Amino acid sequence: MLIRLLVWNGGNEVIRGTDPHNSSIRDLINIQLRISEKALKSIEQSKAHRLKPTIVLGLDAAYSRKYGGVAVASLVQAESCNLIEYGVAVGEPRLEYIPGLLAFREAALFYAATEGLSYKNYDVIVVDGHGISHPRYAGIATHMGLALAKPSIGVAKKKLYGEFNMINERSSCIEYPCVIGELRDPKRDIVLAYVVIPKSRDKNPIYISPGAFISIENALNIILSMLRASSSKLPCPTHYSDKLSKRIARELDKGIIRPESLKHLGLGTLDKYIHRLS
DNA sequence: GCGACAG
DNA sequence: ATCTTGTCGC
């Protein structure tokens, strides 16, 4: 298998060999409780900093009927949104989809996609999914930030957890992207995510939350700047990963490409793929 | 018991 | 996430 089992166990290092399939739901939840403790602390300590990323990593996955999950890690230039290179990982998920436990299904594949990259000094990670706007403050973006030891941001297309609080009427939006509200924690008095209407034709909101090592304000302004440079509803890092993972999953099923050939896709840049992006 | 429920 | 044709709009 190309996928390597790997999850963050809440300690100080990534543990290899932990299999979600052989763990109880309770065990997985306990791991998240330890993760969020670390993440919330790192977010708190980041309130003084202001990160201006140069290179950003985007993570997303699609599914192939024949081979399972297809994860893509895209490296983009923050300023221009140009795709620099991307890594791919394919493998059967070790856990079914369970709301709140998505990380145990996809994080290992994301990590594997990252291993194929030749450049690893990116400044921030953008993940398709939530960060701390999660019932245990440990969404997949939080898992990835800790696993890769980098600031991480979650950009989700649907709400998972939190109480929506309107800041601006949608009708009052003059320019896009437009921040219309926030997701507040029903238990504590904190903001977990910002709700933003993108400037694309799709006016459904996206949810921006910090994963780890970054403040929510910093996470918001970074994503807002990338949304303005993108024609998509998603910021370019996850937009590239979304398009590439879906195309690769489809071509794998159609037999146009084989899993073994992805080892090559995982290294270096492939202009022919970039140009064929819709 | 009744909703809510990332990808 | 995925299953799927035509169709509305820039």
Side-chain angles (χ1 to χ4, degrees), chain A residues 3 7 20 25 28-29 32 35-36 39 58-74 88-113 125-145 152-164 176 182-187 192-196 198-212 219 223 230-235 237-239 241-254 278:
Chain A
I3 180 177
V7 298
I25 297 298
L28 301 181
I29 286 178
Q32 292 189 319
I35 286 178
S36 62
L59 266 24
D60 193 15
Y63 287 86
S64 152
R65 299 201 112 184
K66 291 182 181 177
Y67 308 101
V70 178
V72 171
S74 304
V88 184
V90 178
E92 207 60 53
R94 301 293 295 171
L95 189 71
E96 61 181 316
Y97 168 68
I98 300 174
L101 297 179
L102 173 66
F104 296 104
R105 175 178 170 78
E106 299 185 340
L109 210 50
F110 282 173
Y111 189 94
I125 308 166
V126 178
V127 184
D128 189 282
H130 288 280
I132 63 171
S133 41
H134 174 282
R136 289 172 294 282
Y137 320 105
I140 192 167
T142 304
H143 281 247
M144 295 313 298
S152 64
I153 303 170
V155 177
K157 298 180 290 298
K158 295 177 185 172
K159 168 191 165 181
L160 170 62
Y161 174 79
E163 179 178 280
F164 177 72
Y176 297 96
E182 55 191 18
L183 250 35
R184 305 192 67 90
D185 189 349
K187 300 180 176 182
L192 301 174
Y194 278 114
V195 184
V196 176
K199 72 178 183 64
S200 63
R201 194 171 0 278
D202 182 348
K203 293 306 180 186
N204 288 145
I206 57 177
Y207 303 82
I208 302 168
S209 62
I223 298 303
S230 173
S231 58
S232 166
K233 164 181 183 172
L234 300 176
T238 46
H239 177 246
S241 292
D242 175 66
K243 294 305 178 190
L244 288 169
S245 62
K246 281 174 178 168
R247 171 180 299 158
I248 292 171
R250 175 164 49 80
E251 297 190 342
L252 278 171
D253 283 340
K254 296 180 70 174
S278 69

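Order of the sequence lines sets the chain letters (A, B, ...), proteins ahead of strands, with each chain counted from 1. Since the model is a prediction, treat every value here as computed from it, not as a measurement.
- Annotation: the span from A:I125 atom CD1 to A:T238 atom OG1 amounts to 13.0 Å, rounded to 0.5 Å.
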Secondary structure of DNA chain C per the Watson-Crick/G-U criterion (both distances under 3.5 Å; [ ] crossing, | other strand, . unpaired) is ..........
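- Scanning for side-chain hydrogen bond (donor to acceptor under 3.5 Å, both in side chains) contacts around A:Y137 gives A:D185, with sequence neighbours left out.
- In terms of heavy-atom proximity, A:G91 sits nearest to A:L109 at N-CD1, 3.8 Å.
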Protein heavy-atom contacts under 4.0 Å, written 5' to 3' over nucleotides 1-7 of chain B as B (base), S (sugar-phosphate only) or - (none), form the string ----BBB
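- For DNA chain B, no stem formed by at least three consecutive Watson-Crick or G-U pairs, with both atom-pair distances below 3.5 Å, is detected.
- A:K66 meets the salt bridge (charged side-chain N to carboxylate O under 4.0 Å, His left out) test with no other residue; sequence neighbours excluded.
- A heavy-atom distance below 4.5 Å is found between the side chains of A:L101 and A:R136.
- Taking every heavy atom of both residues into account, A:S209 and A:H130 meet most closely at OG-C, 3.8 Å.
- What you find for A:R105 and A:L95 is that their closest heavy atoms are NH1-O, 2.7 Å.
- In this structure, A:D128 pairs ionically with A:K157, as a charged nitrogen and a carboxylate oxygen lie closer than 4.0 Å.
- A heavy-atom distance below 4.5 Å is not found between the side chains of A:T142 and A:H134.
- Residues A:S133 and A:L160 fail the side-chain proximity criterion, which asks for heavy atoms closer than 4.5 Å.
- If you check the side chains of A:D253 and A:S64, you find a donor sitting under 3.5 Å from an acceptor.
- Within the 4.5 Å cutoff, side-chain heavy atoms of A:L183 are placed close to those of A:F164.
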5' to 3', nucleotides 5-10 of chain C under a 4.0 Å protein heavy-atom cut-off (B base, S sugar-phosphate only, - none) gives ------
